[in-house]
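Working notes for the structure below.
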Amino acid sequence: MYVVFLAGGVASGKSTVARELERLGAARIDLDALSREVLTPQSACLKEVVRVFGGDLLLPDGTLDRTLLAARAFASGEAVHRLEVIELPYIKRLLDGRLQELRAAGARVCVVEVPLLDRMEDQLDRADEVLCVVSPPGVRLAHALDRGMTEEDFLARRAHQPSDAYLRGHATSIIENAGSLDSLLRQVQLWWDTHVGR
């Protein structure tokens, strides 16, 4: 199975690229979705997060108040780091299991959406390729605002993510998202035809 780690900053177009690769035939794993999965009610990960960030994070039904957690976690670099130290081992174990399941099922290609590539450096040996989507800051801000994100939230999230220079330095291939959606999808198709084939 050909494993692609797909990285890109907030509002760069990474999820659009992932959806198109899935449409073309790739299996898709979203690490953001895995991060939600490890925080299900009564999970060991959720218990650790609540212990560190406060019991009031639990809603009456036992689920996590994600908005409150985000507000606390993104309040400082130290808080982000504390959350990652808790979550990442659980996410990486879940990723390992999903990759094994897809291999056993005979998947030919798997794209793994990686929102924070620098936090997954110890996992890069699992990938046959690192594909990065880069987009100018102004384009990313416009995309974020279109999605309903505030400029303040966008800037706070971007501040805790790897820079475009970091992504370019770790990429096997790069998709530039500075134009139209059609242009982006054409680049995805070209990458697919070149690296995977029809």
Side-chain angles (χ1 to χ4, degrees), residues 5-19 28-96 98 112-124 130 132-171 177:
F5 276 15
L6 175 64
V10 59
S12 64
K14 172 172 51 65
S15 294
T16 301
V17 171
R19 285 192 297 272
R28 179 181 171 196
I29 299 173
D30 179 0
L31 292 191
D32 276 339
L34 296 192
S35 74
R36 291 189 289 274
E37 196 170 329
V38 300
L39 289 171
T40 53
Q42 300 302 315
S43 67
C45 184
L46 179 58
K47 289 174 183 175
E48 285 190 57
V49 167
V50 167
R51 180 176 54 78
V52 172
F53 286 91
D56 58 335
L57 290 175
L58 284 183
L59 296 169
D61 63 357
T63 59
L64 174 66
D65 185 335
R66 295 181 184 280
T67 303
L68 183 56
L69 176 61
R72 289 184 184 165
F74 286 106
S76 70
E78 181 187 344
V80 169
H81 178 70
R82 283 202 311 270
L83 180 60
E84 290 171 353
V85 166
I86 296 169
E87 279 190 310
L88 282 174
Y90 291 97
I91 292 169
K92 290 172 182 177
R93 282 196 293 273
L94 195 53
L95 171 62
D96 187 49
R98 294 292 158 79
V112 181
E113 284 184 74
V114 181
L116 300 169
L117 188 64
D118 56 339
R119 276 67 153 190
M120 296 294 287
E121 280 190 9
D122 63 339
Q123 303 293 302
L124 291 183
V130 177
C132 291
V133 183
V134 294
S135 182
V139 172
R140 289 172 62 191
L141 175 59
H143 289 163
L145 295 175
D146 285 346
R147 288 180 356 198
M149 191 179 291
T150 66
E151 183 172 357
E152 182 181 35
D153 190 24
F154 168 77
L155 293 173
R157 289 173 186 269
R158 193 183 71 177
H160 295 294
Q161 294 185 331
S163 67
D164 282 353
Y166 176 93
L167 295 177
R168 289 180 187 278
H170 288 78
N177 184 19

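Just so you know, these numbers come straight off a predicted model, no measurement behind them. Sequence positions, counted from 1, serve as the residue numbers for this chain. FYI, side chains are in, hydrogens and waters are out, and symmetry mates aren't considered; it's all heavy atoms of this structure.
Relative to the six-membered ring of F53, R82 meets both conditions, a distance below 6.0 Å and an angle of at most 45° to the axis.
Contact of the R93 side chain with the D96 side chain is not registered, since no non-hydrogen atoms from C-beta on lie closer than 4.5 Å. The closest side-chain heavy-atom distance from L68 to D56 is below 4.5 Å. E113 places a side-chain heavy atom less than 4.5 Å from the side chain of S15. Side-chain contact between M149 and L145 is absent, with no heavy atoms from C-beta onward closer than 4.5 Å. Taking 4.5 Å as the limit, every side-chain heavy atom of V112 sits out of range of all side-chain heavy atoms of Q123. Contact annotation: the side chain of V134 never approaches that of N177 to less than 4.5 Å [non-hydrogen atoms, C-beta and beyond]. Proximity of L57 to R66: side-chain heavy atoms (C-beta onward) are nowhere separated by under 4.5 Å. In this structure the side chain of E84 reaches within 4.5 angstrom of the side chain of L116, judged on heavy atoms.
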| message | Apply side chain to side chain contact (heavy atoms under 4.5 Å, CB included) to residues I86 and C45 and explain how you reach the verdict. | response | CA-CA 7 Å; I86 296 169; C45 184; 4.1 Å; yes
task = For V130 and V114, run side chain to side chain contact (heavy atoms under 4.5 Å, CB included): C-alpha distance rounded to whole Å, both residues' side-chain angles, the deciding distance at 0.1 Å, then the answer.
result = CA-CA 10 Å; V130 177; V114 181; over 6 Å; no
Chi angles and distances behind the side chain to side chain contact (heavy atoms under 4.5 Å, CB included) call for T16, R19 = CA-CA 5 Å; T16 301; R19 285 192 297 272; 3.4 Å; yes
Given L69 and V49, is the side chain to side chain contact (heavy atoms under 4.5 Å, CB included) satisfied, shown in steps? CA-CA 9 Å; L69 176 61; V49 167; 3.9 Å; yes
Applying salt bridge (Lys or Arg N to Asp or Glu O under 4.0 Å), run through D153 and R157 and close with a yes or a no.
CA-CA 6 Å; D153 190 24; R157 289 173 186 269; 3.0 Å; yes
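To the nearest 0.5 Å, atoms OG1 (T150) and CG (L155) are separated by 8.5 Å. S135 OG to L167 CG: the interatomic distance, rounded to the nearest 0.5 Å, is 11.5 Å. How far OG of S43 is from CG of L64: 9.0 Å, rounded to the nearest 0.5 Å. Expressed to the nearest 0.5 Å, how far CG of D146 lies from NE2 of H143 amounts to 7.0 Å. Note that CZ of R72 and CG of D65 are 8.5 Å apart. Values are rounded to the nearest 0.5 Å.
Between L39 and the options E87, K47, E48, a side chain to side chain contact (heavy atoms under 4.5 Å, CB included) holds for only E87.
Considering every non-hydrogen atom in both D30 and D32, the closest pair reads OD1-N, 2.9 Å. When all heavy atoms of A18 and R28 are compared, the pair lying nearest together is CB-NE, 3.7 Å. Nearest heavy-atom pair across D118 and Y166 is CA-OH, 3.1 Å. Heavy atoms only, all atoms of each residue included: V133 and G13 are closest at CG1-C, 4.3 Å. Contact record, P115 with L31: CD-CB, 3.9 Å, taken as the closest heavy-atom pair. Nearest heavy-atom pair, T63 versus P41, reported as atom, atom and distance to 0.1 Å: CG2-CG, 3.7 Å.
Side-chain atoms of R140 come within 3.5 Å of backbone atoms of V10 as a donor-acceptor pair (strictly under, hydrogens ignored).
Other residues, nucleotides and ligands contribute only 12 or fewer heavy atoms inside 6.0 Å of the CD atom of E151.
With no hydrogens or angles considered, no side-chain donor-acceptor pair links E37 and Y90 at under 3.5 Å.
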